[in-house]
Amino acid sequence: MERLLDYLNNHIQNDWLINYNSHQLQELTQELYLELAQLLKYKSTVKIILSERETVKFLASFIAACAANCSVFLCNPDWGKQEWQQVFNLVQPDIIWGIGNWELGIENWELGIGNGEQNSTSSPLSPSSSSSPSSPSSPSSPHSPLPTPYSPLIMIPTGGSSGQIKFAIHTWETLKASVQGFVEYFQLKQVNSFCVLPLYHVSGLMQFMRSFLTGGKLAIIPFKTLDISQISNIQTSDFFISLVPTQLQRLLQNPELTNWLAQFKTVLLGGAPAWHELLEKARFNRIQLAPTYGMTETASQIATLKPDDFLNGKISSGQILPHAKIIIRNQQGQVLNYNQIGNITIQAKSLALGYYPQTWNNQDYFQVDDLGFLDEQGYLNIVGRNSDKIITGGENIYPIEIESAIRETQMVADICVIGIPDQHWGQALTALYVPNNSNTSIIEIQTQLYNKLSKFKIPKHWIPLPNLPRNTQGKINRQQLQQIATEYLQNLS
Ligand SMILES: O=C(O)CCC(=O)c1ccccc1C(=O)O
């Protein structure tokens, strides 16, 4: 993978990284690479925790780690003590690059839980001969290689909306396959990306990868600091931008930023389910929106609705990217037909090899928690998450349908529907909502719902909250809401 350095130094235009100095990036990458090469004389594998807020440092560290075939664990500098402890115990890193709260998690680790690898004998990587480098533009193999010390392992964190942090094990090949699928699907030579999502997250990292591997431009500006005066000088009609639904909602509340957004070639939307009203608003404002479906394990999107389809009124997650295949199966694993709802299973060249430190062996397909169907034209439709399913009075309900209907009333700023254990109903449909203003009336919302939904789909309990617990990706923490709702209802009775 040393060819990566050559690629960075000689094959990428100087101005690819907008607002940053590419020379500085090259120099820092070289410096860090040499540091790693030194270490690799004595150790066969080097595990790096990368927790870097600064863009150039993040990119230099990432590229250097990959060039040196290290295992790099992408981390969120803002994780709390508990998360860092979990991560240190799992990873037992040789190097920590960056800043953040990780000091908080280091206590146990220093007490000797880590440091298990000090005895590894030297296995120097001989220059280029031992590795099987592939140039960033060559086609990738259909199967991911097993992890070897001669290819970098890129661990991307995924925690879902709550609970344990896991790392999906990716390789340069799986990430490259995702970029190739993307480029083919959109019929592009180069991808210019405007990245407002964190680089340690798959949604941010893949924007870097798309630009880096295709020689496209890359602007990186944290969402929090987006401000019209700072961004209006970048010509975005040639750019992709990736947003999560809550970010899109925020931008659409500001006319200037809405105008700015409407100039993008494509606005990729992913990370969490979008609601009908949000999509309508984007369509009304002629945003070139491309709702996507994908996850950390697939190195971002594997299905995407193209902007033309979106603007023509289509609602779905779009067609499947060429590097991936989605098959809908029933509980027994049998393949279902078009328009039949079942479990979504995935095969993809971009699929992770497993969750660190385990690889998935002999697995024919990856089954996710989502339910959906493919229509005759191969468009993917997501119905809901298996684990979010609520059974009330014997009826199956997916909260997304109820949440969309409630949003359409325009009387709530945010909404989540869950099931609370109930003697009579099995589970009682419960809506946790953020009122739009002090006059928000539940009676009025319910009246509107009666015209749209069957009676059993109307929530039995309504709980107002000042805000709902969402992570930076906009994913809602349903577990926490279960707890809040249970306590709230207990206090009532
Ligand atoms: O939720 C995830 O884990 C993946 C989400 C993701 O990558 C994404 C999020 C927002 C916009 C575009 C994308 C994408 O798939 O490229």
Side-chain angles (χ1 to χ4, degrees), residues 74 76 154-163 165-168 170 174-186 188 191-214 216 218 220 222-223 239-251 261 264-274 278-279 282 287-307 310 317-321 323-324 326 344 346 348 350-352 355 366 368-370 380 382 385 470-477:
L74 305 187
N76 175 356
I154 299 153
M155 317 298 178
I156 311 184
T158 166
S161 44
S162 57
I165 292 172
K166 292 183 287 188
F167 287 98
H170 278 285
T174 59
L175 302 189
K176 202 166 71 180
S178 167
V179 173
Q180 271 163 354
F182 184 94
V183 166
E184 257 179 67
Y185 189 68
F186 284 103
L188 306 158
V191 185
N192 301 323
S193 296
F194 195 107
C195 179
V196 297
L197 285 160
L199 288 167
Y200 62 78
H201 191 269
V202 71
S203 57
L205 184 76
M206 290 314 296
Q207 292 180 78
F208 157 73
M209 290 297 288
R210 288 172 200 142
S211 294
F212 185 70
L213 292 182
T214 64
L218 179 64
I220 301 177
F223 190 75
F239 274 69
F240 284 78
I241 184 170
S242 294
L243 298 175
V244 297
T246 45
Q247 291 176 328
L248 175 62
Q249 185 182 36
R250 193 87 52 83
L251 295 179
L261 197 60
F264 275 88
K265 177 185 173 70
T266 301
V267 178
L268 300 166
L269 183 69
L278 180 68
L279 298 174
I287 308 288
Q288 302 285 325
L289 201 72
T292 68
Y293 176 78
M295 57 220 72
T296 307
E297 291 83 345
T298 57
S300 79
Q301 59 193 273
I302 48 169
T304 302
L305 186 67
K306 288 182 177 163
F310 170 76
S317 295
Q319 288 170 301
I320 313 306
L321 271 61
H323 67 289
I326 285 184
I344 293 179
I346 298 169
S350 64
L351 192 64
Y355 294 121
F366 177 66
V368 281
D369 187 31
D370 295 315
L380 176 67
I382 305 293
R385 286 187 91 80
R470 290 183 180 272
N471 69 9
T472 48
Q473 291 292 303
K475 280 189 185 135
I476 215 151
N477 189 337

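Just so you know, ligand 1 is whichever comes first in the structure, and atom 1 is the first atom listed for that ligand.
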Where do V244 and L269 come nearest, in terms of heavy atoms and distance?
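Heavy atoms only, the tightest pair is C-CD1, 3.8 Å.
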For K306 versus Y185, what's the shortest heavy-atom pair and its separation?
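Of all heavy-atom pairs spanning K306 and Y185, the closest is NZ-O, 3.1 Å.
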Consider only side-chain N and O atoms of T304 and Q301, and report whether a donor and an acceptor are under 3.5 Å apart.
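Yes.
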Note down each nitrogen or oxygen pair, ligand 1 side and protein side, whose separation is under 3.5 Å; give only atom names and the distance to 0.1 Å.
| unit_1 | atom_1 | unit_2 | atom_2 | d |
| --- | --- | --- | --- | --- |
| ligand 1 | 1 (O) | K475 | NZ | 3.4 |
| ligand 1 | 3 (O) | T296 | N | 3.3 |
| ligand 1 | 3 (O) | T296 | OG1 | 3.4 |
| ligand 1 | 15 (O) | Q301 | N | 2.8 |
| ligand 1 | 16 (O) | R210 | NH2 | 2.9 |
| ligand 1 | 16 (O) | Q301 | NE2 | 2.8 |

Cation-pi check, R210 onto F240 ring (under 6.0 Å, within 45° of axis)
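The answer is no; the distance or angle limit is not met.
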Cation-pi check for Y355 against K166: NZ or CZ below 6.0 Å from the six-membered ring centre and within 45 degrees of the axis, yes or no?
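Judged by the rule, K166 and Y355 form a cation-pi pair.
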Ring centroid separation for F194 and F264, is it under 6.0 angstrom?
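Centroid separation for F194 and F264: below 6.0 Å.
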